[in-house]
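I have placed the structure first, in the form of structure tokens, so that the comments after it can refer back to it.
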Number of protein chains: 2
Amino acid sequence: MVTLKDVSREVGVSITQVSRALAGYPDVKEETRQRIVEASERLGYRPNALARGLKTGRSGIVAMVVPGDWAVEESTVLLEIVTGLSTEISGRGMRFVLHVAAPGEDVREAHDELIRGGGIDGFVVIQPARGGALIKGLAKSGIPFVVHGNPGSGAHPHVDIDNAAVGADLLSRLLDLGHRRVLFLNGPKGALFAEARDEGVAWALAGAGLGADTVRTEHGPMTETQGREATRSALRRPDRPTAIMAGNVMLARGVYDAAAAMGLRIPQDLSVLAHDDGLRGYEPEGFVPVLGGTRSPLAAAWVALADALKARIEHGEASIENRILPHKFNAGGSTSEIQG
Amino acid sequence: MVTLKDVSREVGVSITQVSRALAGYPDVKEETRQRIVEASERLGYRPNALARGLKTGRSGIVAMVVPGDWAVEESTVLLEIVTGLSTEISGRGMRFVLHVAAPGEDVREAHDELIRGGGIDGFVVIQPARGGALIKGLAKSGIPFVVHGNPGSGAHPHVDIDNAAVGADLLSRLLDLGHRRVLFLNGPKGALFAEARDEGVAWALAGAGLGADTVRTEHGPMTETQGREATRSALRRPDRPTAIMAGNVMLARGVYDAAAAMGLRIPQDLSVLAHDDGLRGYEPEGFVPVLGGTRSPLAAAWVALADALKARIEHGEASIENRILPHKFNAGGSTSEIQG
DNA sequence: GTTTAAGTCCAAATCGTTTCGGGTCGCATG
DNA sequence: CATGCGACCCGAAACGATTTGGACTTAAAC
């Protein structure tokens with residue numbers, strides 16, 4: 001390994017000067033700095049992460065703990081999370097430790113172990129639960145962390161989209177088109193983002209002066225299968241919906257499939273909107289007709305999370321606070337006005 | 001943070017003695033050791049990973065680099081890899097750094113950067129390419145690593161299954177049942193494991209004294225869609241196959257779907273066998289009829305890889321060498337003897 | 001000519017751990 | 001009484017980086 005000492009010997013200056021030159025301190029003669037930079041590049045010097053971490057108290061390593069019992073239907077999103085975060089964190093010169101808990105291993109315990117062992121600068125927390133015991137624990141330990149999703153209680157640093165607004169937006173568009181029997185395929189019951197979307201749907205209904213029976217909400221896993229099955233059974237009912245709003249594009253895929261299987265045309269016979277997280281392999285443009293709806297790529301969340309965590313680590317509490325990411329609406333070609 | 005100094009002050013012995021007591025050296029009086037252990041537990045002492053790493057040259061961190069441009073169809077397996085490895089590595093007291101390259105970032109370069117920065121004890125390499133430039137580079141740098149899959153050239157530590165045997169096994173069973181028109185849905189063209197399976201198929205044919213036209217091989221992504229499409233078009237041909245062997249269970253899922261859609265019964269009208277990697281959400285027992293074939297859970301590979309890497313790090317070259325994991329055959333209910 | 005300031009530079013301390021090379025004490029051995 | 005040995009113990013030197021608190025030189029200011 002090439003160390004500061006090697007470079008300093010090569011250039012003929014002290015270790016101090018090499019360190020300061022590379023760190024950009026002003027008290028190094030420009031010509032000396034150049035020689036140092038040249039030599040350190042030539043030798044392939046990289047500061048030793050361990051040594052630096054030991055001295056500065058920062059290792060440049062952030063960690064994320066994933067529960068070991070993730071379900072198949074979460075895999076698409078989980079992979080998106082893991083790869084997205086890893087890329088963004090690496091891109092900022094930090095390292096990303098992924099700790100997938102063993103089956104039965106407690107997630108809080110895993111965080112604790114990582115903290116105690118030292119060398120972890122901060123955490124990314126995903127899928128916060130309502131109670132937030134994990135988050136409270138982290139906050140108490142004083143280690144920097146950012147949360148993806150809104151943990152509700154407490155003012156902890158997090159990034160999220162405005163899920164209530166997404167729910168309201170999707171429904172409003174459909175109501176504006178005249179739809180009065182809408183099926184909402186939402187996420188699972190306990191999930192906070194799903195509840196926020198329910199809330200948004202309620203707002204939109206209230207805003208339009210319509211009754212709660214205008215939309216029927218189905219909670220469940222966000223998969224193609226679920227979309228297909230829920231659509232199929234809904235379309236069989238006498239009061240079948242004229243429009244479906246799907247919580248994500250995977251659900252929408254199932255909706256399209258079911259509609260096709262039953263010989264219904266989109267948008268003539270059925271309007272569809274969905275929220276698009278920008279999942280790889282599920283591009284709305286790949287749908288025929290193009291799927292419309294709200295869009296807020298998860299990728300933006302990884303960027304925001306990485307930025308926020310880095311700021312938090314480097315500048316402490318003082319750094320930027322929560323970020324609510326924007327979403328856009330694309331009409332697509334999957335909706336039509338209802339005929340009176 | 002609780003340090004050795006804190007414990008030593010608490011107990012009233014030197015830092016040296018605390019360190020040695022905890023590390024299990026014999027020259028610490030038993031009674032002293034007990035007091036030390038008790039105190040360090042009471043205070044919650046954990047050795048600082050950075051400091052230890054700096055001193056010993058080992059950080060307890062292993063890394064894996066994943067190319068940034070993974071395709072959707074690889075996501076199931078990729079997530080399996082990432083979570084499986086993370087769990088096994090964590091379970092052995094090491095930490096797992098996941099570096100997902102940015103789009104356009106070179107994988108070899110990423111390895112180099114990680115090595116130069118120090119603090120990485122070893123690597124897990126997946127999906128080796130034939131040329132093996134990456135592996136050669138790692139070998140030259142002297143850092144411990146293990147490879148998942150057989151890189152072919154060179155004797156580098158790896159764990160894999162006997163893919164040729166898998167190919168031969170699957171085909172032999174079908175031949176034994178009398179099938180003479182077999183469709184083989186294999187992995188993508190360039191993949192080494194797929195080529196090994198092709199080889200195994202060739203062996204089996206040669207062994208049975210049959211011509212190459214007995215089996216038609218289709219190379220492609222290992223997805224449900226691919227299985228469905230390939231099956232559909234194959235079954236439409238005049239010389240349609242009486243049996244299909246699928247490279248994995250996802251392909252088999254597509255085969256089942258296509259067969260059902262075309263009104264063909266398994267196993268009466270079509271025999272199916274597949275290799276089962278033990279992918280979450282794709283259990284052969286979930287098929288009707290139960291899918292038969294070879295089985296070798298990927299989970300076993302993560303265990304073997306983690307063990308091998310740990311041994312390699314701790315004991316160097318001297319440690320155990322390559323492991324070829326076994327596979328079993330389960331008949332299932334998806335095959336039948338061919339009539340006439 | 002003496003102070004002062006700016007511009008460069010460096011020795012040494014520090015982070016927390018491991019480990020080498022001694023110490024000290026008591027007791028048996030010659 | 002010296003010696004040797006075993007059982008315990010500890011100081012100090014690393015590991016590689018950052019950072020503090022100067023030192024030295026030169027030139028400007030008084």
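First the proteins, then the strands, lettered A, B, ... as listed; each starts at 1. Since this is a predicted model, take the numbers as computed values, not measurements.
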For this session: Remember a base hit wins even if backbone is also touched, and classify A:Asp27 as base, sugar-phosphate or nothing at under 4.0 Å, heavy atoms.
Result: base
Exercise. Looking across every strand, which nucleic acid part, if any, lies under 4.0 Å from B:Thr16 by heavy atom: base, sugar-phosphate, or nothing?
Worked result: base
Exercise. Please walk me through it: do A:Leu309 and A:Leu305 pass side-chain contact (heavy atoms from CB on, under 4.5 Å)?
Worked result: CA-CA 6 Å; A:Leu309 185 52; A:Leu305 282 166; over 6 Å; no
Problem set entry | Main-chain N/O of B:Pro103 paired to B:Asp69 side chain as donor or acceptor, under 3.5 Å | no
For this session: Would you mind classifying the nucleic acid contact of B:Ser19 as base, sugar-phosphate or nothing, using non-hydrogen atoms under 4.0 angstrom?
Result: base
For this session: Could you tell me the separation between the CZ atom of A:Arg58 and the P atom of D:dG16, rounded to a whole number of Å?
Result: 22 Å
For this session: From the options C:dA11, D:dC9, C:dT17, select the nucleotide whose nearest atom is closest to the side chain of A:Ser14.
Result: C:dA11
Exercise. Do the rings of A:His156 and A:Phe145 sit parallel, tilted or perpendicular, given the 30° and 60° boundaries?
Worked result: tilted
Exercise. Between D:dG16, D:dA17, C:dT19, which one does the side chain of A:Met1 approach most closely?
Worked result: D:dG16
For this session: Just call it for A:Ile15: base, sugar-phosphate, or nothing, with non-hydrogen atoms closer than 4.0 Å on any strand.
Result: base
Seminar exercise, completed: In whole angstroms, the gap separating C1' of D:dA14 from CG of A:Asn48 amounts to 14 Å
Problem set entry | Test item: side-chain donor near acceptor, B:Gln34 and B:Glu30, under 3.5 Å | yes
Seminar exercise, completed: Ranking D:dT18, D:dG16, C:dC10 by distance to the side chain of A:Val13, first place goes to C:dC10
For this session: Report which part of the nucleic acid A:Lys55 touches: base, sugar-phosphate, or nothing (heavy-atom distance under 4.0 Å, all strands).
Result: base
